[in-house]
Amino acid sequence: MSRKVAVVGAGLIGRAWSMVFVRSGATVALYDKNAEGLEAAASLLDVNLADLEANELIPSASEARARIRLTADLADAVGDVAWVQENVFEDREVKRALYPELDRLAPADAILASSTSTFPASTFTETLEGRARCLVAHPVNPPYLVPLVEIAPTPWTDADVVEQAHTIMSDAGMTPITVKKEIDGFILNRLQVAVLAEAFKLVDGGYVSADDLDKTIKDGLGYRWSFMGPFETIDLNAPGGIRDYIDRLGPPYLEIAEQQAQTKDWDAPMVDAFEAQRREVLPADGLVDRQVWRDRRLMALVRHKKEASEKIGD
């Protein structure tokens, strides 16, 4: 991949996107209007790229770093690129103010992709002259280690743009899926919200501690879900496949689902209680170090999955 790419916003997601693109051969202009944000991104890029090299996920950290150029000039960042990955604050008005500038400054054939996590691109691109080249490319944090990306076009996104987006993301080593119709939260976050909502209710209701619930996912559901999805999981969990599974467990699961449909506000007392439980396990001053630990564990998992795919198959 020899494309030129602009990454707009140098926070956690923007920095990770930069690494996604450079590891596949692209040249990246990483933009942020905040000089402190660019400085912090530069330091963290050095750490993350060195870790990738140490885990044999890129051949050379220094060579990859040399293809990431930091800039505080938006026109300089997007002026000659094929793809713009926007990662600004998750606020429609912020994006509505930015996208006319991106549409004006980027080449007419450049794709404008947003990393927005919750709301569709139609809510901030409708009035643009170049709205047909706009879509969402929603990643999982951190995208340089978790390959899924949700390609979510607007009703007016050109079909060729969607096809190009899939090609560009695949070339960058990502696993693109298509969100066929616009929906708040897209696919991954809606699944995540469903799990979180039930997790919060179980902990808040006194059925389990937050730490034990985390163990239930990481040492239970997460083992299978790390290499196959829920439909394949249940297809393999009954002798006769998915229909057999539903015949056996459908009625009691439906009763549970009806109980789960009762939502609960994530109110201040509940958040206070959850935060207290998490800070007992991980003090606030350990968050950054734990994020580094998470990324290194993910690197080891990426390497394992690649080796397992080669030996066993997908």
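The structure displayed is predicted, hence computed values, not measured ones.
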Worksheet item: Between CZ of R190 and OG1 of T118, what distance do you get to the nearest 0.5 Å?
Response: 11.5 Å
Fill in: From CG (N87) to CD1 (I13), nearest 0.5 Å
7.0 Å
Item to complete: With rounding to the nearest 0.5 Å, note down the distance linking CZ in F21 to OG1 in T27.
Response: 12.0 Å
Practice prompt. Look at the side chain of Q85 and the backbone N and O of A137, then say whether any donor-acceptor pair between them is shorter than 3.5 Å.
Written response: yes
Worksheet item: Regarding R23 and the six-membered ring of Y144, is the cationic atom NZ or CZ under 6.0 Å from the ring centre and inside 45° of its axis?
Response: no
Discussion item. Using the rule salt bridge (charged side-chain N to carboxylate O under 4.0 Å, His left out), only one of R133, K95, R96 pairs with D103; which is it?
Written reply: R133
Fill in: Note: K306-E310 ion pair, threshold 4.0 Å (strictly below)
no
Worksheet item: Rounded to the nearest 0.5 Å, how far apart are CG of D244 and CG of L249?
Response: 9.0 Å
Worksheet entry | Side-chain heavy-atom pair E182, T157 within 4.5 angstrom cut-off | no
Worksheet item: Would you call the rings of F200 and W266 parallel, tilted or perpendicular, where under 30° means parallel and over 60° means perpendicular?
Response: tilted
Worksheet item: Just wondering, do L30 and T71 contact through their side chains at under 4.5 Å, heavy atoms?
Response: no
Worksheet item: If you measure from the Lys or Arg side-chain nitrogens to the Asp or Glu carboxylate oxygens, is any gap between R243 and D247 under 4.0 Å?
Response: no
Worksheet item: What distance do L70 atom CG and L45 atom CG have between them, rounded to the nearest 0.5 Å?
Response: 7.0 Å
Worksheet item: Can a donor-acceptor pair be found between the side chains of S60 and E53 at a distance below 3.5 Å?
Response: no
Worksheet item: After noting the C-alpha distance and the side-chain angles of S24 and D171, does the key distance pass the side chain to side chain contact (heavy atoms under 4.5 Å, CB included) rule?
Response: CA-CA 7 Å; S24 59; D171 288 350; 5.9 Å; no
Worksheet item: Any cation-pi pair here, R290 with W293, using under 6.0 Å and within 45°?
Response: yes
Discussion item. For F124 and F119, take the angle between the two ring planes, folded into 0 to 90°, and tell me which bin it lands in: parallel under 30, tilted 30 to 60, perpendicular over 60.
Written reply: perpendicular
